[in-house]
Amino acid sequence: MNPIEITLPDGSKQSVPPGTRPLDIAQKISPRLADAAIVAKVNGDLYDLTRPLESNATLQILTNKDPDALEVYRHSTAHLLAAAVLELYPETKLGIGPPIDTGFYYDFDRATPFTPEDLEKIEKRMWEIQKRHLPYERIYTPKADGLKKYADAWMKCELIAERAGEIFSEYTLGPHFIDFCRGPHVPDTSKIKAFKLLSIAGAYWKGNEHNKQLQRIYGTAFFSPKDLEEYLKQIEEAKKRDHRKLGKELDLFSIQELAGPGLIFFHPKGGMIRKQLEDWMRDQYLKRGYSLVYTPHVARFDLWKTSGHANFYQANMFTRMELDDAEYQLKPMNCPFHILIYKDGQHSYRDLPVRLGELGTVYRYERSGVLNGLFRVRGFTQDDAHIFCTKEQIEDEIVNCLQFAVDTLTTYGFDSYHAELSTWDGGVSGKYDGTPDQWHLAESALRSATERLNIKAKVMPDEAAFYGPKIDVKLVDAIGRPWQLSTVQFDFTLPRRFELEYIAEDGKAHQPLMVHRALYGSIERFFGILIEHYAGAFPVWLAPVQATVLPITDRQLEYARSVRAQLEQAGVRATLDDRSEKVNLKIREAQLQKVPYMLVVGDREQQSGQVAVRNRKHGDQGAKPLAEFLVEIRKLIDSKAVSE
């Protein structure tokens, strides 16, 4: 039997017999590497370390330094969870158990609901199985045999019928667990060093509310107990910062059952913060050469046929409405409306770039199971802008968009972020619109823009939108969580569909380039991120109430009213707590409402024309003339300072 040739990442080659395992090669390179190995990458595909190699191949051994390895590790931990459940509750039917960004989950069909006490038992059994060093064994099964074997497991039968080839892979883990799975997995359970089961939730089979509801157990796993401990601390901190909890406590917003899920009601305090967000963005539009536009909430369904949304986005659109002259549709996007404004007049190359910006409310159907406070809603307002320009202008426009994105982050106190550049597959799949020349121009402009601004963008091959490449900017919040925020996207499709044009220097009509650009993403989601980033203690310039006046007794009421009036005259959002309560109670309640400044006034302050200043973070700052305090707080407001 002729040997096969294995090429390693450094270019070196090894000749080995067919059937050699990646783990054998790792052991040959270094016992330390073999011990650290999690999974292999063979010809670019992930492989079990114990899966035999049968032909020439490139090989990379992945350790805990590789993101792909963590995904496999978590997938294997999900199987460990399922194996423990079957040992404890053998009547349970298995759904799916994939890795996710924060760990893993597994869906189970069981008549008896799992309890928190059950989670403790399951986790204990997982550790018992982990200590057995059970291998994750891959076996191959003919499809017909698999359907017979899983006749009593309705979910597995569905998955095999839909997804399996004529021969499919399964994985075993001990005597009780076998599952239809593509893998790969870690070699055995001893590789799994740190995990924790987190919660139980309901989940519809395949995410469809018309299907049976299952029980989903969430967990997380890390390569080391230290990393796990840090993540669990982050979870606890995130619970304290949960925007749904703080939104209620601070009276910022609500979701009304009578009105329906996924629809946000901004209360007066939340409305004031929203006003600051909107005012800042609109002011920036005007400063940066955008024109403000306002568009309807509905349009004839024919518009969405022209744009293509009627075909590729129909599942996310609300039911159409029959009116006198036609069918109408709530808008899921603003872009066709901006295109109609551009198309309403003739444009010369001298008019370009045309930048149209709007805070436009859109409506998208989201299943009830995925709705999540302000983060996933059915009606939301995007800071949406569209740029129409020539190919000579495009790079500068992208630079301006990215600089705008960075300025937005820094204004709101986010000093950590990273960018991702999503590109196409070179046209191999045929799933992308546009010509190779268009893709080359667009991707080159995006790359050059990031280089000019010294932004390191991770390239994400074959992750572009079908209509063009894009750059996504992800911020990192106060407790280290990444959030998708700004996006800059090319669009080769809509200019063609709507036959957009401009008259160039040669006197002929040419098609403009089009860029979609959103920086907040949506007002609602960005508001939720801000709540959690600041734990509800917004910077002074954003705070709905910037200062509250607290008279010690009724004797100071007139002076307290005068102080409040002077604050408001100076443009400070102020309240007066004139209740006949002890001042310590007033301070405590203002502190709970996270008001930046509490101005206590007693006889001494009234006589001297001063206020005793108390800061929500730094406590008592002593008495000072009101005029002096006004200068200080105005400086914080005008500079949009993110700390006091």
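Quick note: numbers below take in every heavy atom, side chains included, and nothing from hydrogens, waters or symmetry partners.
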First locate atom [atom1] of [X], then atom [atom2] of [Y], and finally report the distance between them rounded to the nearest 0.5 Å.
X      : Y      : atom1 : atom2 : result
Ser291 : His338 : OG    : NE2   : 11.0 Å
Gln284 : Arg288 : CD    : CZ    : 4.5 Å
Arg274 : Thr381 : CZ    : OG1   : 4.0 Å
His243 : His533 : NE2   : NE2   : 16.0 Å

Ring-ring centroid check Phe104 Phe195, cutoff 6.0 Å =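 Between Phe104 and Phe195, the centre distance exceeds or equals 6.0 Å.
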
key: Centroid-centroid under 6.0 Å between Phe253 and Phe265 rings   =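 No, the ring centres sit 6.0 Å or more apart.
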
request  = Report the C-alpha distance between Ser562 and Gln566 in whole Å, list the side-chain angles of each, state the deciding distance to 0.1 Å, and finish with yes or no for side-chain hydrogen bond (donor to acceptor under 3.5 Å, both in side chains).
outcome  = CA-CA 6 Å; Ser562 170; Gln566 291 179 69; 3.2 Å; yes

Using 30° and 60° as the class boundaries, would you call the ring planes of [X] and [Y] parallel, tilted or perpendicular?
X      : Y      : result
His516 : His386 : perpendicular
His309 : Tyr313 : perpendicular
Phe527 : Phe266 : parallel

key: Beyond-backbone contact of Val488 with Arg517, side-chain heavy atoms, under 4.5 angstrom   = yes

Side chains of Leu198 and Leu232 in contact at under 4.5 Å (non-hydrogen atoms) =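 They are in contact (side-chain heavy atoms under 4.5 Å apart), so the answer is yes.
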
key: side-chain hydrogen bond (donor to acceptor under 3.5 Å, both in side chains) pairs, two or more places apart, involving residues 536-549   = Thr548-Thr575

ask   = Do NZ/NE/NH1/NH2 and the carboxylate oxygens of Glu120 and Lys124 come within less than 4.0 Å?
value = no

inquiry  = Tell me whether Lys233 is salt-bridged to Glu237, with the criterion being a basic N under 4.0 Å from an acidic carboxylate O.
reply    =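 Salt bridge between Lys233 and Glu237, a charged N being under 4.0 Å from a carboxylate O: no.
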
key: Passing option when Tyr520 is tested against Trp483, Phe526, Phe380 for ring-ring contact (aromatic ring centres under 6.0 Å, His included)   =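 Single pass found, and it is Phe526.
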
